[in-house]
Protein chains: 2
Amino acid sequence: MKISEVSKKYDIPVDTLRYYEKAGLLPNVKKNSSGIRDYSETDCNWVEFIKCMRGAGLPIEVLKKYIKLFYEGDSTLTERKQILIDERQKLILKRDAIQSTIERLNYKINSYEETIAVREKELLRQDKS
Amino acid sequence: MKISEVSKKYDIPVDTLRYYEKAGLLPNVKKNSSGIRDYSETDCNWVEFIKCMRGAGLPIEVLKKYIKLFYEGDSTLTERKQILIDERQKLILKRDAIQSTIERLNYKINSYEETIAVREKELLRQDKS
DNA sequence: TCTTGACTTAAAGTTAACTTCAAGTTGTAT
DNA sequence: ATACAACTTGAAGTTAACTTTAAGTCAAGA
């Protein structure tokens, strides 16, 4: 798979894909004799994984570390697991912060609706008098 | 209230408080005759609001717009409400993306646990033989 | 063969949100 | 009075994650 196809498939700019590779997130993308990238299925799965994790805000550095350990083999299993546990915990906190902000916004939006309703009634009363 | 007290109360660096003010998020902080800031209760409430919204990732620019409109009075009520609705929607999407990433991590962590358990059993069997 | 569009690189530029720095002023305790 | 911590400003520096630019190479169609 060429970079432009991967780009389309996962909706990630080609520049970003090359950037990820340079940053160490895709250490195994092969190139043909003329230097053009050919993404394997495994590469694509990594791209999809990276997209998901980045979408939740995991830093490049963390993903880099994780992927590096992955390619080091089974001796890094527990370390990799710990990274995922740590990041999951951060996501839980982040999700909860967002959730309570959503609830605060719900409350505020309701207040706005009430205030606006009152203002409209007042205008109506003025029209009639 | 002095800036250092506000900083302590809300756990926000003084530099960040001054930065917020410069960015237009705290347009009403008064200064005494020698130029030292004196935060009113209203200022503090804005600080708390900003902290909450920033904690969920709302951009400075959005908060700046909202606060500007607030100080323009009742004629901006519906526009302010719309900003909150838009930002709430973004937060909902963000929360859901994080939630599905958490679930994916749950699954992966479970897989790691199983894999590690198998590895440990294998080691044990080797020890015995 | 020539053009065109996709590919390559390294390096510089951008954006958001701080964070630090330099240089000076003020308030309080001894 | 003097030290010293906290305050002030404007400007420069930092970090993460892209994004753009410049300058070139490669492959396929007219």
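Every chain is numbered from 1 and lettered A, B, ... according to where its sequence line falls, protein lines coming before strand lines.
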Q: Tell me: NZ of A:K8 to P of C:dG5, nearest whole Å?
A: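 Rounded to whole Å, this separation is 14 Å.
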Q: Is it true that a side-chain atom of B:D38 and a backbone atom of B:M1 form a donor plus acceptor pair closer than 3.5 Å?
A: yes
Q: By nearest nucleotide on DNA chain C, pick out whichever of B:S33 and B:G57 is the more 5' one.
A: B:G57
Q: Over how many whole Å does the gap from B:I3 atom CD1 to C:dG27 atom P extend?
A: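 Those two atoms, CD1 and P, are 16 Å apart.
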Q: For DNA chain D, find the residues of residues 43-56 of chain A with a heavy-atom distance under 4.0 Å and give them by number; none if there aren't any.
A: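 The stretch gives A:R54 as the residues lying under 4.0 Å from the strand, ordered by number.
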Q: Which is it for A:E87 and A:K65 under the salt bridge (Lys or Arg N to Asp or Glu O under 4.0 Å) test, yes or no, and what are the steps along the way?
A: CA-CA 12 Å; A:E87 294 306 316; A:K65 180 77 188 280; over 6 Å; no
Q: Between A:T16 and B:K31, which has a closest nucleotide on DNA chain D that is more 5'?
A: B:K31
Q: Between atom CG in A:D15 and atom P in C:dA12, what is the gap in whole Å?
A: 17 Å
Q: Can you measure A:I36 atom CD1 to C:dT9 atom P for me and round it to whole angstrom units?
A: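 Answer to the nearest Å: 10 Å.
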Q: Do any N or O atoms from the side chain of B:K2 and from the backbone of B:I36 form a donor-acceptor pair under 3.5 angstrom?
A: no
Q: Taking the ring of B:F49 and the ring of B:Y66, is the distance between their centroids below 6.0 Å?
A: yes
Q: Would you say B:S7 and B:R18 make side-chain contact, with heavy atoms under 4.5 Å?
A: no
Q: Between A:Q126 and A:E122, does the side-chain hydrogen bond (donor to acceptor under 3.5 Å, both in side chains) criterion hold? Intermediate values first, please.
A: CA-CA 6 Å; A:Q126 286 182 354; A:E122 284 171 2; over 6 Å; no
Q: If you find the nucleotide of DNA chain D closest to A:E61 and the one closest to B:E21, which residue's nucleotide is nearer the 5' end?
A: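 Closest to the 5' end, via its nearest nucleotide, is B:E21.
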Q: Any side-chain N or O of A:R37 under 4.0 Å from OP1/OP2 of C:dT9?
A: yes
Q: So, the side chain of A:T101 versus the backbone of A:A97: is there a donor-acceptor pair under 3.5 Å, distance only?
A: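 Between the backbone of A:A97 and the side chain of A:T101 there is a qualifying donor-acceptor contact (under 3.5 Å).
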Q: Please determine if A:K68 and A:E72 form a salt bridge, counting it only when a charged side-chain N lies under 4.0 Å from a carboxylate O.
A: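 Salt bridge: yes.
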Q: Provide the start and end nucleotides, 5' to 3', of the part of DNA chain D that has atoms under 4.0 Å from heavy atoms of chain A.
A: D:dA17 to D:dA27
Q: Within a 6.0 Å radius of atom OH on B:Y107, are there more than 12 heavy atoms belonging to other residues, nucleotides or ligands?
A: no
